[in-house]
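Scroll down for the structure; my scribbles are underneath it.
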Number of protein chains: 2
Amino acid sequence: MSDVAARVGVSQALVSLVFRNQPGASAETRERVFQAAEELGYRPDAAAQLLRRTRSRQLGVLFTMRHPHDVDIVEAVYPAARKHGYNVVLSAMVATRGERQAVEELLALRSEAIIIIGTESSAHELAAVAGQTPVVEINPTARAAGVDVVRTADGNGVRQAVDHLAELGHRAIAHLDGGVMPGAGERRRGYRAAMRRHGLAEHIQIHSGDYTEESGAQAARELLAHDELPTAVIAGNDRSAHGLLTTLLRAGVRVPEDVSIVGYDDSQLARLSFIDLTSVRQDAAEVAELAVQAAVERLDDGRTADRDIVLNPTLVVRGSTGPPRAS
Amino acid sequence: MSDVAARVGVSQALVSLVFRNQPGASAETRERVFQAAEELGYRPDAAAQLLRRTRSRQLGVLFTMRHPHDVDIVEAVYPAARKHGYNVVLSAMVATRGERQAVEELLALRSEAIIIIGTESSAHELAAVAGQTPVVEINPTARAAGVDVVRTADGNGVRQAVDHLAELGHRAIAHLDGGVMPGAGERRRGYRAAMRRHGLAEHIQIHSGDYTEESGAQAARELLAHDELPTAVIAGNDRSAHGLLTTLLRAGVRVPEDVSIVGYDDSQLARLSFIDLTSVRQDAAEVAELAVQAAVERLDDGRTADRDIVLNPTLVVRGSTGPPRAS
DNA sequence: TTGAAAGCGCTAACAC
DNA sequence: GTGTTAGCGCTTTCAA
């Protein structure tokens, strides 16, 4: 930067102003600074900026790349952060690097807040971090004190799925759950409640799963082993619905003629023409925006009370659901 | 850090040594430093380290999260980098953020080299970056000067697939290609060459695709519109094989009884029990290790000549391929 | 084995 | 509009 300043014949401070788009430099100076920078191949040094600035304006994002819906959210965090004047630093949760380490890295790089997307964090570890830095968790497994949460009203989403199927005339509606995974408990409870409300309590049938494709495939095998299939299945997420759907197809079961299937997440998977899954939509862009907003409220507006932000999902009806066979 | 030093009653320099595991501090001092750090909740500041250190020892990784195989590689980069004493900085290529910007960010954070995973970079832009910093591209679309490349011998992989199918007795073996996507050209050429070598030139049949699930589904529809299906299809990657497979299944075609299908990448998708795709394996861990190695050779060993590292893939036979119907 | 001092590249606060 | 100064938190070099 001093090279640029020397070349233009002004002080470093002025060059700094220009690069930060701050007022206080004439249009002509700006022009000359940019030109000199171009000629010298100058690029601002993030390490030095980070060190010197009072605020880093960086949002740390902890994520896993395994769930398609999480990928959508990560993508959506970028524009949301920029809107509020923040940068994004990524830290991947991978097998060879614990969550602890990933968080430490974000903190060492001066992230002012941490947004956690779809990890199975221990409430214990999280609470320790939340003491020092605002933490926003998206679709968490469990609640932790001091942490903001952005999640969808999962019970509501499943209720919409049951309503839709009941309206089509289904009665034997099973649920493939997600065990201890994020949101699974509420989805399971929502399923039970909705079934009861429709007077279908006796048809309640829950198969255990864990949101993976294989657990969907496993459930399909179990269903096939029984004399009679349910006429509809609500899966805990799209991935397990995918396993369920394809395994049934391979066994010669037609969807939706023989069995209707509903997924959850409305991920890219659900939208594929050959999957074409009726699914409960959680809008990634909205989730990302609210998560960033929650962080910004703590950072810029001084909020200290925890927030629990609940979004209402919507059912997207596609080709995997239809009326049951007339039997 | 000065707090820690003051607390222990030593100089900052000594504390620094201890934290970097450098020799030159007594065991007792180390112990006391760590304890004081713990008590004060001290954490090294990455920005300051980055600024002051002669070398950042950071490897910038540019990636997209859309292809399952790329995710595997990103994961594998972490241990590979650590092995060579480097850290990893991530920068996602997402729609709202051009490649240019993503690279700038990595460079601003002092990445000493850039590893690019599965993006469709313009050779032009890349060459400019490669002038300043070592760049390693994994499975690139096109070659650029000054850039190291790690890729698999795609022609070889497809040849193995054709050999496998021919051995099973297939003759009408079609190829679903990947258009201009990374490796697609070589896979297409490999298919043609292998078909000719088996005397099956007249059966050469190429369907155009772009590695997406939908292009696989589209190809399936085209195949179904014809009188006769080929007895086997080699897809350009697992995603398009997935679209192809499931669309055929939905149309009542049995796999592998009616049609055998081979994928490419051996991604997690291929391994799912209900997909169970014979696929060409590119070992993610090996690819990552070689990419890191290439960067390290430039950085630490002073290599300046470009390297083109070609890995031989292996065919993993699963349930999607079998002998053709006796006709 | 330890300490003192300088300075990485930038921004903030103030003066002109 | 522009310049001066100090210093962010650490590592490096040199001396003790």
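Residue numbers start from 1 in every chain, and the chains themselves are labelled A, B, ... in the order their sequence lines are given, proteins ahead of strands. Heavy atoms only: backbone and side chains are in, while hydrogens, waters and symmetry mates are out. Small disclaimer: the values here were computed from a predicted structure and weren't measured.
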(message) Within residues 31-40 of chain B, which residues have any heavy atom lying less than 4.0 Å from an atom of DNA chain D?
(response) none
(message) Using a heavy-atom cut-off of 4.0 Å across all strands, would you classify A:Arg110 as base, sugar-phosphate, or nothing?
(response) sugar-phosphate
(message) What's B:Thr29 touching, base or sugar-phosphate or nothing? Going by heavy atoms closer than 4.0 Å.
(response) sugar-phosphate
Check: [X]/[Y] side-chain N/O donor and acceptor closer than 3.5 Å:
| X | Y | result |
| --- | --- | --- |
| B:Tyr211 | B:Asp265 | no |
| A:Glu105 | A:Gln101 | no |
| A:Glu289 | A:His84 | yes |
| B:Ser16 | B:Arg20 | yes |
| B:Asp300 | B:Tyr86 | yes |

(request) Measure across B:Ala113 and B:Thr133 and return the closest heavy-atom pair with its distance rounded to 0.1 Å. (result) CA-CG2, 3.5 Å
(message) Minimum heavy-atom separation for B:Arg66 and A:Glu75, please, with both atom names.
(response) NH2-OE2, 3.1 Å
Protein-nucleic acid N or O pairs under 3.5 Å, nucleotides 11-13 of chain C:
residue, atom, partner, partner atom, Å
C:dT11, OP1, A:Gln49, NE2, 3.2
C:dT11, OP1, A:Arg53, NH1, 3.4
C:dT11, OP2, A:Ser16, OG, 2.5
C:dT11, O2, A:Arg52, NH1, 2.5
C:dA12, OP1, A:Thr54, OG1, 3.3
C:dA12, OP2, A:Arg20, NH1, 2.9

(message) Taking the nucleotide of DNA chain C with the nearest heavy atom to each, does B:Leu51 or B:Ala25 sit closer to the 5' end?
(response) B:Ala25
Taking NZ, NE, NH1 and NH2 as the nitrogens, is one of them in [X] or [Y] under 4.0 Å from a carboxylate oxygen of the other?
| X | Y | answer |
| --- | --- | --- |
| A:Glu112 | A:Arg55 | yes |
| A:Arg52 | A:Asp45 | no |
| A:Asp283 | A:Arg281 | yes |
| B:Asp306 | B:Arg143 | no |

(message) Under 4.0 Å from a heavy atom of chain A: give me the 5'-most and 3'-most nucleotides of DNA chain D that qualify.
(response) D:dG1 to D:dG9
(request) Describe, as an angle rounded to 10 degrees, how the axis at the first end of the helix from C:dT1-D:dA16 to C:dC16-D:dG1 is tilted relative to the axis at the last end, five pairs per end. (result) 30°
(request) Could you list the residues that satisfy ring-ring contact (aromatic ring centres under 6.0 Å, His included) with B:Tyr42, not counting sequence neighbours? (result) B:Phe19
(request) List for me each residue that meets side chain to side chain donor-acceptor pair (under 3.5 Å) alongside B:Arg82, sequence neighbours excluded, and say none if there are none. (result) none
